[in-house]
Amino acid sequence: ETGVTQSPTHLIKTRGQQVTLRCSSQSGHNTVSWYQQALGQGPQFIFQYYREEENGRGNFPPRFSGLQFPNYSSELNVNALELDDSALYLCASSRLLAGAYEQYFGPGTRLTVT
Amino acid sequence: GDSVTQMEGPVTLSEEAFLTINCTYTATGYPSLFWYVQYPGEGLQLLLKATKADDKGSNKGFEATYRKETTSFHLEKGSVQVSDSAVYFCALSTLENTGTASKLTFGTGTRLQVTL
């Protein structure tokens with residue numbers, strides 16, 4: 001079973017630019033979630049996609065947007081980058097097992113905004 | 001809203017010592033509880049889970065019991081190894097009306113350092 005993959009691994013952008021991060025879900029998982037993890041903090045929920053539609057959103061502004069494709073891969077887009085957007089961005093796909101949804105995380109994309 | 005509180009780190013232990021990392025939660029529904037581990041430079045790995053009161057999750061020598069009366073899910077291991085050095089996150093999740101998983105709400109993480 002292939003795990004969750006993310007690309008790129010690292011990225012450096014300038015304030016005001018736009019960025020697209022990509023995620024390939026684990027086979028058979030139809031739900032994908034994105035999280036932002038600032039240095040030394042726990043991950044914060046950005047949004048979730050289920051069957052190609054947004055299915056929940058955290059406290060992030062609209063310049064954070066996403067897509068989910070029919071093959072359950074996903075993108076996270078961030079417009080007008082700010083310095084505080086520097087973080088590890090984690091993608092997680094979900095499966096239902098024994099009465100609970102387990103979320104499996106990719107290795108993350110480290111975004112640095114200068 | 002939902003929240004998770006973990007004990008502050010870092011926790012420094014000698015190899016073979018007993019580990020406890022405290023975790024308490026607040027949730028409006030009836031959550032599932034998780035422990036995730038993050039090794040340096042990596043993403044999160046699911047360590048164990050529990051879905052209902054008095055359930056005990058276990059994996060790789062780690063255990064945690066879902067205590068509804070005290071809203072706690074403390075992580076324990078009887079004998080830690082140097083390879084257990086990592087950051088440990090307690091988290092909760094509830095099912096949405098759509099039948100899909102809600103977001104994971106994480107604690108701030110507890111760094112564990114095990115020395116020889």
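In the text below, chain A, chain B and the rest are named by the order of the sequence lines, each starting its count at 1. Heavy-atom basis, side chains included; hydrogens, waters and symmetry copies ignored. What you are looking at is a predicted structure, and each value in this text was computed from that prediction instead of being measured.
Counting non-hydrogen atoms of neighbouring residues, nucleotides and ligands closer than 6.0 angstrom, the CD atom of A:Glu53 reaches no more than 12 such neighbours. Around atom CG of A:Asn71, more than 12 heavy atoms belonging to other residues, nucleotides or ligands sit under 6.0 Å away. No more than 12 heavy atoms of other residues, nucleotides or ligands shown are found within 6.0 angstrom of CG on A:Leu39. More than 12 heavy-atom neighbours from other residues, nucleotides or ligands sit within 6.0 angstrom of CZ on A:Arg63. At most 12 heavy atoms of other shown residues, nucleotides or ligands fall within 6.0 angstrom of atom CZ in A:Arg51. Within 6.0 Å of atom CG in A:Leu67, more than 12 heavy atoms from other residues, nucleotides or ligands are found, so the atom counts as buried in its surroundings. Within a 6.0 Å radius of CD in A:Glu52, more than 12 heavy atoms belonging to other residues, nucleotides or ligands are found.
To the nearest 0.5 angstrom, A:Gln37 atom CD is 4.5 Å from B:Phe89 atom CZ. A distance of 11.0 Å separates CZ of B:Phe106 from CZ of A:Phe45, quoted to the nearest 0.5 Å. A:Glu102 CD to B:Lys49 NZ: the interatomic distance, rounded to the nearest 0.5 Å, is 3.5 Å.
Contact annotation for A:Gln44: neither backbone nor side-chain heavy atoms come within less than 4.5 Å of a heavy atom of chain B. Contacts of A:Ile46 with chain B are absent, with no heavy-atom separation under 4.5 Å from either backbone or side chain. Contact annotation for B:Gln6: neither backbone nor side-chain heavy atoms come within less than 4.5 Å of a heavy atom of chain A.
Ring-centre distance between A:Phe105 and B:Tyr36: below the 6.0 Å cut-off.
When side chains are defined from C-beta on, A:Pro43 does not count as touching B:Leu104, because their heavy atoms never get closer than 4.5 Å. With a 4.5 Å cut-off on side-chain heavy atoms, B:Lys103 and A:Asn55 do not count as touching.
Smallest separation of non-hydrogen atoms from A:Leu88 and B:Gln38: CD2-NE2, 3.8 Å.
Put simply, of B:Gly41, B:Ala91, B:Gly109, B:Gly43, the one with the most heavy-atom pairs under 4.5 Å next to chain A is B:Gly43.
Linking Ile, Leu, Val, Met, Phe, Trp and Tyr residues whenever their side-chain heavy atoms come within less than 4.5 Å leaves A:Leu76 and A:Val4 in two separate clusters.
Distance alone, capped at 3.5 Å, places no donor-acceptor pair between the A:Tyr104 side chain and the B:Leu46 backbone.
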